[in-house]
Amino acid sequence: MFKPKTEEEIALLRENAILVSKTLAEVGKAVAPGVTTKELNRVAETFIRDNGAIPSFLGFEGFPAAICASVNDVVVHGFPSDYVLKEGDIVSADIGTLYKGYNGDSAYTFPVGEVTPETRKLLDVTKASLYKGIEAAVAGARIGDIGYAVQSYAESFGFSVVRELEGHGIGKEMHEDPGVPNYGRRGHGTHLVEGMVLCIEPMINAGSRGVYLDRNGWAVHTSDHKNSAHFELTVVVRHGRAEQLSTFDFIEKDSNIKF
Ligand code: MG
Ligand code: MG
């Protein structure tokens, strides 16, 4: 059941969202050819703990690491590993925090060195589709309006939307109601109301939308093994519009690196 968040709760969720945003930026600084995804996990876990928070993914339903590190055709839930990133790869880092009893959850897909123009486009379109979804998350709209905005934008570039996974509400639990699909019909689904805190997180495939679950029970791969990108931000429906709690500014503005 959904219950609107109080101002106090929104403030705590914002603290988490900022910490996750900063953690993503730390990970981004470490992304380079020759680096393992395990090293990215170490950077994130150290930063989260140094800030007095807990990496909420570690142990969540048995997940073995602090972050999800999903390379190339892995859509989400990749295990950090000894895989060495190479020029032209993309790596999605999805990070969660637990701080003062509340959760943070955001994700960013980083290019490793130079990527192909097609891959660059996948990253740009996926991130832009997230912002389209955020624009649609206004009080009085419905969940389907968010999904429609994401889907219609991404598909207009010939990319496809993963349907098996979706965004979610967030609060004391990492995943709360309502679910936020990245596809949908305008005017359908749960009404968006003041005090709703949502994680909007498009997962967009360069090829077809089909996915399958890895034998490890976690990693989700594209069926055609083409690349997939994932960007996630947390927003609160407040004063009629969607206000971002997490941000990519720490990654994109406070860095010399062009992501
Ligand atoms: Mg996430
Ligand atoms: Mg999420």
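Position 1 is the first residue of the sequence; numbering continues from there. Counting starts at 1 for both ligands and their atoms, in listed order.
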Backbone or side-chain N/O/S of Glu201 under 2.8 Å of the Mg ion (ligand 1):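 For Glu201, the answer is no, given that no N, O or S atom comes within less than 2.8 Å of the Mg ion (ligand 1).
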Atom nearest to the Mg ion (ligand 1) - Asp94, N, O or S atoms considered: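 Closest N, O or S atom of Asp94 to the Mg ion (ligand 1): OD1.
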Lys/Arg N to Asp/Glu carboxylate O, Arg42 vs Glu39, below 4.0 Å: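 Salt bridge flag = yes for Glu39 with Arg42.
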Between His239 and Glu194: side-chain donor-acceptor atoms closer than 3.5 Å: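 No - no donor-acceptor pair under 3.5 Å links their side chains.
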Distance-only donor-acceptor check, side chains His188 and Asp145, under 3.5 Å: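 Absent: no donor and acceptor within the cut-off.
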Angle in degrees, rounded to 10°, that OE2 of Glu232 and OD2 of Asp105 form at the Mg ion (ligand 2):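 Value, to the nearest 10 degrees: 90°.
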Any N, O or S atom of His168 closer than 2.8 Å to the Mg ion (ligand 2):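 Checking His168: at least one N, O or S atom is under 2.8 Å.
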Phe159 and Phe157 aromatic ring geometry - parallel, tilted or perpendicular at 30°/60° bounds: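 It falls in the parallel class, under 30°.
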